[in-house]
Every structure is written in structure tokens, then in C-alpha cells.
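If you're wondering where the values come from, they're calculated on a predicted model, not measured in any experiment. Because only heavy atoms are used, hydrogens play no part in the values below, and waters and symmetry mates are left out as well, while side chains stay in.
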Amino acid sequence: MIANWDDLRVFLALAREGNLTAAARRLGVSHPTVARRIKALEEAIGGRLFDRLPDRFALTAAGEELLADAQAMEQAAESIHRRSAGLGDTAHGTVRLSAGEAMTAFVAHHLPRLRRNLQCVEFELVASHMLANLSRREADLLIREQVPDLASIVARRLGRVAYAVYGAAELAIADPSPGALRRMPWVGFDDDHNYMPGQSWLLDLLDGARPAVRVNNWLVLHEAARTGAGLAVLPCYLGDGDPALRRVGPVLEEVAADQWLLVHRDLRALPRVRAVMDALIELFREERAAIEGRRPAEPAVPEAERAVQVS
């Protein structure tokens, strides 16, 4: 009989990673600990779970049979963990928010306003390209540009981010025609990040040539642009708010990205999570003009287009 869930967690990590070192790193334990736990589990079962190959650990037939049950137990444990978080009825505690670098910086810039009525909530902000796993509580909330096709996720549309070309004062040309822009120095993303908003527009402008300076991070791109390394396509909430930058030409109508607030359905009613969600929705409403890149005289988007609820 298997009585130790920790041994099954080690089994799952080794099955997914394929070697002791990676499994140990994933679990935050030592290499010998993983080996010892696997041996103990095999002795409890009375059979071998892995074939020890020269380059990896491969599941045996017994291991394959155990895998499905262990995964079901893992999902149940994660569900219990999520639901137990909602048993309290106070707005105290920690809320972990994950977003891309630029959006995390935007949220961080407005933290005093966000926390004005949330002094009992501790914020953890995580800047990452990677989609945190809400089922495993890697984050409580996500702000992302796409909604994953998962029934467990509830999404709220926060707004649509506009993008424009920005440069330091000495690069802010008066003629933003394609020919003039093509002759300017540019800063953009590297090949691994061509999916970033604005990158396809830039590559089309440059006829497929790559910008002379390439980065993998929005905040590095922003810093390079503000120091005069070249023009860059930036979200308007970053570019317009920086006195070191000038907008070159209008908002790029071809480049825009919806921002979605994502939460696991088991956590959306948790008081502290709900309070932070409401504060974020209000922040985006108040900062709507900056996010959409509108100047004061420009009309707003119709209110009916502001938010969409999906499940």
C-alpha cells in the first residue's frame, strides 16, 4: 500500500523530467533524495517503475499504469489546495499576479493606487513570458494577451493596448513615412520573440531585414529606445509616459493587443483575489486613455466594447 503522497510527487517529477538531476531541481530537493524516494516507492509497490537507461529514466509498464493514477491524485490535491484557500472570508493574505514585463511594470507603477483600499493584501508581482499554471497556484491572477482554452479559467477583458513608434528626441523625425522610417536605426526583438506585438509590422517595414539592435525583453527595449539606440515599437502606456521619448507618427492601427485578466474558477470568489481583481479592473478603466494611446481630444471607444466575460 502506498501511504506517502510525497513519494508519488517525486515519481511524477521523474516521469516528467526523465532524469534525477532535473527532477531534483524541479522539487527543490537533492539528487540522492529523489533516488531514495523512488527506491522506496518501488519497494512498496513490489515492482520496478523505471528502466535506468544511460541517458534517462524510462517508465516501465508498471510505471505507465501508476502514472495515470498519480496524475489523478495530483489534480485532486491541487483542487483541495485551491478550495482550502477560499474557506476563509477575509481579504487578508497574499495575491500573486503574473504578467509580461511591460504590463508588470505598468501594474508596479500604479501599486499605490491599487493598494489604497487593500492594505491587508500583500502583492507578489511576477514578470514572465511564460504562462503560469493557475491550477497549481503558480499564480492567483494572470494578465495575458490570449485566453487559454481551459474550462477551469475565467477571463475578463481589461482593454486593448495600443502601440506606436517611439524614439529619443534626436530621433523623433517629423516625416513618419515608410521610406523615412526605413532609413532610421531600429531596436526590436530577437528571432525567438518575433511573436511580440509590433515585431511583424517592423519586419515588414524593413523588408525582412532585422533591426540592428535586438533584445528579448520589453523593458530592455524601452531602455534602449530612450537612450537613443534606435526607434522602437512600444505600448503607448510605456512610451507616452516617458519624457525621454517622443511618439513618431500616429498609433499603429495594425498593432494592438487585448489584455485579459485570468483567474481559476475555484479562486475567483476568494475575497482577497476578488478585491485585487476589482482594483485591477478599475485601474484599467481609469487609465483607459493611456492604454489605448489616445490624446485628450480623441474620442473614446464605446463603453459597450470595454469588457467581455467568458468562461
Checklist entry - Between Arg52 and Glu42, does a salt bridge (charged side-chain N to carboxylate O under 4.0 Å, His left out) hold up when you go through it step by step? => result CA-CA 13 Å; Arg52 277 70 166 172; Glu42 289 179 326; 3.0 Å; yes
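- Salt-bridge formation is not detected for the pair Glu138/Arg96: no Lys NZ or Arg NE/NH1/NH2 atom is positioned less than 4.0 Å from an Asp or Glu carboxylate oxygen.
- Side-chain atoms of Arg115 come within 3.5 Å of backbone atoms of Val121 as a donor-acceptor pair (strictly under, hydrogens ignored).
- Remark: the backbone N or O of Val29 is not paired with any side-chain donor or acceptor of Thr33 at under 3.5 angstrom.
- Considering Leu12, Thr60, Leu41, Leu59 in turn, Leu41 is the only one that fulfils the side-chain contact (heavy atoms from CB on, under 4.5 Å) rule with Leu66.
- The backbone N or O of Ile291 lies less than 3.5 Å from no partner atom in the side chain of Arg294, so there is not a single donor-acceptor pair.
- Take Asn194 and apply the side chain to side chain contact (heavy atoms under 4.5 Å, CB included) test, not counting sequence neighbours, and it matches Asp191, Gln199, Leu203.
- Using a distance-only test at 3.5 Å, with no hydrogens or angles considered, a donor-acceptor pair links the side chain of Asp190 to the main chain of His193.
- With sequence neighbours left out, Leu171 forms a side chain to side chain contact (heavy atoms under 4.5 Å, CB included) with Met184, Pro185, Leu231.
- For Phe189 and Tyr195, the gap between ring centers reaches or exceeds 6.0 Å.
- Using a cut-off of 4.0 Å between Lys/Arg side-chain N and Asp/Glu carboxylate O, Arg285 and Glu282 are scored as salt-bridged.
- Checked by atom type and distance alone, the side chain of Thr104 pairs as donor or acceptor with a backbone atom of Ala99 at under 3.5 Å.
- By the 4.0 Å N-to-carboxylate-O rule, Glu17 lies close enough to Arg26 to be salt-bridged with it.
- Side-chain rings of Tyr237 and Tyr163 stay apart, their centers remaining 6.0 Å or farther from each other.
- At least one donor-acceptor pair closer than 3.5 Å links the side chain of Arg214 to the backbone N or O of Pro211.
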